[in-house]
Amino acid sequence: MTSAIVEQVLFWVFAISTIGAACGVIFARNPIASAMSLVATFFFLAGIYILLWAHTIAALQVLVYAGAIMVLFLFVIMLLSLSDHGPVMTFSPTRIAGGAAVVGLFVALVAVFRRLPVTELAWTTDAAKMKDFGSIKHLGEIMYTQWLFPFEAVSLLLLVAILGAVVVAKPRI
Amino acid sequence: MIVTPVFTLNDFLPVMPAAVLVVAAIVLMLSEVFLVSATRTYQAMLATLATVVAGGVAVHNAFEPARAALQGYAVLDPFSSWMTAMVCLGTGLAVLLSSGFLKHRNAERGEFYALMLFAAAGMSLLALSAEFITLFINLEVMSIATYALTAFLRRGPRPSEAGFKYFILGAFSAALLLYGAALLYGATGATKLIEVSAALPAAFIASPGLVYAGLGLVLAGFAFKVAAVPFHMWTPDVYEGAPTPVTALMSAGVKAAAFIALVRTSLFLVKGIPPEMPFYLFSGMALLTMIGGNLLALPQRNVKRMLAYSSIAHAGYLLLGVAALFAPQGAATTTDVGVFSATPLMGLVPNVSSGVYKGILFYLLGYTVTSLGAFGTISALERREDETRGNTWDLERFAGLAQRRPGWALAMAAFMLSLGGVPPTVGFLGKLFLFSAAVDAGLLGLAAVGILSSVVGVYFYLRVVVYMFMRPAPADATTPVRHWTTELALITSAVAVVGLGIVPGPITEWFGRLGMIFGH
């Protein structure tokens, strides 16, 4: 019982912090502050992954995203030495329509999530599916047996992304 | 207890065309490292050869019975195999067009052809993905390769803007698709399309909102890729800014692959949902896209931009075909038992579907050859000095082309007539098959709107022809840059446009077969 309450409290702490930090990424005018908010977002998101029993993903999130990738982000921002005067927000009909669409989507999703049944989803009670769920052993096992094709497809995706980045980063062709 | 997966050689058959393309792309990529001579024509030849081989394998696959492969992540069915063959045809022509185009700009590199082949491999894999995560990864393989190709030649402000816009908006739409797939996973606990579709009726009763939200987001992601109104805003800018052979590949290949994936996904994901919902959705989108694309193209004097809007209109005609699949008239009948009889789609797909598949595939084939030819002609008329100015693709550029290069003008006229749907071209037959399938499905009104809006389209296609044949050439007119690969590609497309329009031959029979799509 207490563990359920602790889980609830932790969830709200992580959820609100994630959203707050994500807003910081958008609204901060200084790019460095934006990037640091992104680090915080990744960090709190990792907390939610742990609550979801996705330990491996949580660890990777902190190590790879909050650690390695964000350091690169910061390097790039500092090397570019941007000024903190970003573009001034202007309002045009298409922008207003876009904003309305985003708000509409948000309201629709909130309405959908509020209507979800409070009971657990049927398939999460499946004991066979939940055994070992989220452990690195389990993850490795299914990745190299049941998810072989998507796993190999990712290697192709990474190769294409590297080649694309090299081509785009060339100063002039 | 680890269950070792068992694969047979047959499992790899569907991914063979993509494998050929990927191997050739890696060879091309490495060829830049070990390059000793300055001539790079062999790279284009190698890339073309790869598309020919991959296309041959795909045609072979198209006559295999439909089945699932690779643990259910991929399917082998004629629908996706024919699509792969068309993508190979389109990529091969685009490679030939690029060779002369890049050489003229002193920008021919192995990476360019490698990215083109990677994009083609992504398209082929996207068409055969039968699982959401695989589908997303393959969509990204295709998209990232095309983002990089869009920004390959950064001369003047336009290409960078186009590449950046395409990348940001594409990433956004891919995120929508992924979020929709996650919501559907939450509702059904599965990501394989066949399992999602089996669990969907129960999930829909439990939480209809969640299923609708998931479906809506997935469809929005696809609608962006096929450039359907109201997700079309990026198209003109990106099509205009990308190197013209790349635009040709985007308009033909990216769109075709996204359409096949859209058809496959939506066929699986409508189980248990009120049947009129997908029908209204697709007909509404088809209506908006047909009318919007044609009306937006009307005032364009910039031919490249006009073709971008016209590609939106053509997506609308294809959406009309998708709407015909979900037409209420046939939805109740249980016919057309394909190879897989006990699948979740039994009884769901109306009996007009074989006509619709034929229409969609033939239309895509026609659009592939026509659009490659049209963009190819434009790419040959571009001048290097104009790269930073805005009038590179103005109608004036086509004035008097018939006197300077009668052959080119004739070919361009054929492409324009085909885009407008005038006989005896492949564009006319494609529209005929598609609209008659829509009429068979009971969509008289939509088909009428389609025909009327394509009549509007004839105006701006014919305007190019009028300029080529009836206007005198301006004083500073330049002759098109000649290169044998460009001419080979243009001749091939022109012959295909007219030839297939007169003698569609066995292709229509092949496209009309039953068991066209897995699960049908």
Side-chain angles (χ1 to χ4, degrees), chain A residues 52 94-95 97-98 101-102 104-126 129-132 137-138 140-173, chain B residues 2-5 7 15 18 22 25-26 29 70-71 73-74 105-107 109 111-112 114-115 118-119 121-122 125 129 131 133-134 136-138 140-142 144-145 147-149 151-155 163 176 183 186-190 199 202-203 206-210 212-213 216-217 230 233:
Chain A
L52 288 170
T94 45
R95 284 235 171 115
V102 169
L105 181 65
F106 183 75
V107 170
L109 285 176
V110 168
V112 164
F113 291 141
R114 280 184 64 87
R115 256 200 240 132
L116 281 187
V118 274
T119 51
E120 283 172 284
L121 292 165
W123 58 274
T124 52
T125 50
D126 187 350
K129 252 187 184 170
M130 299 308 287
K131 187 171 169 280
D132 289 341
K137 177 168 177 267
H138 179 65
E141 228 176 84
I142 62 167
M143 200 144 72
Y144 291 107
T145 57
Q146 293 169 29
W147 290 81
L148 214 52
F149 182 52
F151 181 76
E152 293 301 334
V154 167
S155 58
L156 175 62
L157 176 60
L158 288 177
L159 178 63
V160 174
I162 292 170
L163 180 60
V166 169
V167 164
V168 173
K170 271 189 181 174
R172 186 191 159 94
I173 293 173
Chain B
I2 298 173
V3 185
T4 322
F7 292 112
V15 293
V22 167
I26 293 174
M29 200 168 77
L70 291 168
Q71 302 170 307
Y73 290 99
R105 283 158 185 76
N106 200 14
R109 299 280 183 281
E111 291 93 341
F112 184 88
L115 280 172
F118 277 134
L125 290 173
S129 304
E131 193 259 349
I133 296 177
T134 318
F136 174 73
I137 294 168
N138 293 330
E140 284 300 288
V141 170
M142 171 184 92
I144 289 183
Y147 301 151
L149 283 172
F152 187 82
L153 274 176
R154 287 180 304 282
R155 301 189 179 163
L176 285 185
L183 291 185
T188 60
S207 46
L210 192 61
Y212 276 141
L217 290 170
M233 302 288 198

So do [Y] and [X] actually touch side chain to side chain, heavy atoms under 4.5 Å?
X: B:F118; Y: A:L156; value: yes
X: A:V110; Y: A:R114; value: yes
X: B:F152; Y: B:R109; value: yes
X: B:R105; Y: B:L153; value: yes

Exercise for the section: Tell me, out of B:L183, B:L115, B:I26, B:V22, who's got the most heavy-atom pairs with chain A below 4.5 Å. Expected result: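 Going by pairs under 4.5 Å, I would pick B:L115.
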Which bit of [X] comes within less than 4.5 Å of chain B, counting heavy atoms only: side chain, backbone, both or neither?
X: A:A153; result: both
X: A:L105; result: side chain
X: A:F113; result: side chain
X: A:L159; result: side chain
X: A:L157; result: both

Problem - A:Y144 atom OH, neighbour heavy-atom count above 12 within 6.0 Å - result: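 Atom OH in A:Y144 is not crowded, with 12 or fewer foreign heavy atoms closer than 6.0 Å.
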Practice task
Taking A:R115 for its side chain and B:L210 for its backbone only, find out whether a donor-acceptor pair lies under 3.5 Å.
Solution key: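 No, A:R115 side chain to B:L210 backbone: no donor-acceptor pair under 3.5 Å.
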Heavy-atom distances under 4.5 Å only: say whether [X] touches chain A with side chain, backbone, both or neither.
X: B:L149; value: neither
X: B:A213; value: side chain
X: B:I133; value: side chain
X: B:F7; value: side chain
X: B:Q71; value: side chain

Practice task
Would you please test B:V141 and B:L125 for side-chain contact (heavy atoms from CB on, under 4.5 Å) and show each step?
Solution key: CA-CA 9 Å; B:V141 170; B:L125 290 173; 5.8 Å; no
Problem - Over all atoms of both residues, closest heavy-atom pair of A:L163 and B:M29 - result: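 Heavy atoms only, the tightest pair is CD2-SD, 3.7 Å.
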